[in-house]
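Report on the following structure.
Letters A, B, ... are given to chains in the order of the sequence lines, protein chains preceding strands, and every chain is numbered from 1.
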There are 2 protein chains.
Amino acid sequence: MTENIEDPVTDGRVLRGEATRERVLDAAERLFAAEGFDAISIRRIAAEAGVTLGVVSFHGGTKHQLFATVIERRVAALNADRRARLGVLLSGDKPPELRDLVDAYLTPYLTHASRGDPQWRAYARLIARIVSDDRWYPEIGNFYDPVAQEFLDAIQSARPATPRKELVTALTLTVAAMLSLVASRARIAGLSGDPAGEPLAYRETLITFCLGGFDAISRES
Amino acid sequence: MTENIEDPVTDGRVLRGEATRERVLDAAERLFAAEGFDAISIRRIAAEAGVTLGVVSFHGGTKHQLFATVIERRVAALNADRRARLGVLLSGDKPPELRDLVDAYLTPYLTHASRGDPQWRAYARLIARIVSDDRWYPEIGNFYDPVAQEFLDAIQSARPATPRKELVTALTLTVAAMLSLVASRARIAGLSGDPAGEPLAYRETLITFCLGGFDAISRES
DNA sequence: GTCTATATGTAGATAGAC
DNA sequence: GTCTATCTACATATAGAC
């Protein structure tokens, strides 16, 4: 096939370029998730993607830009999942139950971390790795915190007597607990003696635990 | 002062050597805590300690050995704190309350993370960083899990009807929440709008949250 | 768009002078 | 015990051929 000058956007070269770019981002996502930003070299990403060194720089820019692109690529989808669930809850006749709000925040992440696309599973591990690292927070807080604030508004409506500050702390602890199911699977396995199940398998227990925490804090305020 | 052959263990050279070794370990502890194993070079540790490159290798061995030494150096003290508190609770007439058990596990860490020796604060950050990283768990689980098992035995006595597996999960989520107060201070600050207080300032809220979680899980089992 | 070649710096580790 | 000097490998990044 020769170049198609009538439809340059979908010609062979452009398609190949897009596919290469995706391969590079996927490889970076897998490696950054497994070992972290500093442990991974651009060379290893190139090898993992099956391209040469210059190709990674061409599509990804500097290592830092590449990392940011990997993070940003899936933010919109995760935020949309959470907002859709929140929207359904808010559109009912009665104000939503706290349990449903916690569920709506936790389940999209746990689902991506457990099911389907291996790249999404890698992304979930990557998020778990960097959200608990103050070095990266400024870069990703802007992506995720607005949705967290929307949930906090709804949570505040469900617990009007509890100070906002206490609810913020409770949500922070909840998110930390959620992420630990993805980031600390070896520790869970070591303590329990069995290999850790998928994060989604702990969903009920996690939601029960965190809701119990929210309720205990509401009771004391 | 010349060499004292009557007391070689305390002569000038040996003392100087020990002090240098401590300076190297302290510098490594601070830097590994702040940026992680992979981001820190031996050269930066040497500069931070005010010694030359060879001195770090002489006292610390390979980079990996140095890291392991830094981790191991304070394990015994933290374990002893927790065991002492557990011993007091178990020596009473009545079996200990779950709240006191959770308190006994969390407070020693939070105290070291908030008070006193800046090196202990750095160590607390380092632990928070690597406990949520499966790459390092095999190296540190052996140090910390035996004490966690002793606490789980006591927790099981306080909640005999709850399956051990559920209690293990609850303790894991509790530890993750505890560590997040140290590792995710920027996220807490970003969500709440205020700078995050010291980890110890969240102690009551944390214990209330986690105890509520334990109770909710016990109720459902 | 793709890749080779390379510029420039830094990594970990150690041999050997003092 | 301390430090200099150095080996070898690998890092990021980019200029320029195709």
How long is the line joining [atom1] of [X] and [atom2] of [N], in whole Å?
X	N	atom1	atom2	result
B:D38	D:dA11	CG	P	12 Å
A:R23	C:dT2	CZ	P	9 Å
A:H59	D:dA13	NE2	C1'	16 Å
B:L53	D:dT2	CG	C1'	13 Å
B:I40	C:dT10	CD1	P	15 Å
B:I42	D:dA5	CD1	C1'	16 Å

Touch class at under 4.0 angstrom, heavy-atom based, for A:L66 against every strand present = nothing
ask   = Of the nucleotides C:dG12, C:dT2, C:dT4, which has the atom closest to the A:F58 side chain?
value =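 Minimum distance to the A:F58 side chain belongs to C:dT2.
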Considering only heavy side-chain atoms of B:T52, the closest of D:dT6, D:dT4, D:dT2 is D:dT4
Residue B:R164 excluded, over 12 heavy atoms near CZ under 6.0 Å:
yes
**Prompt:** Mapping A:S57 and A:S41 to their closest nucleotides on DNA chain D, which lands nearer the 5' end?
**Reply:**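 This one resolves to A:S41.
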Margin query: If we count only N and O atoms by modelled type, under 3.5 Å, do the side chains of A:E139 and A:H64 hold a donor and an acceptor together?
Written below: yes
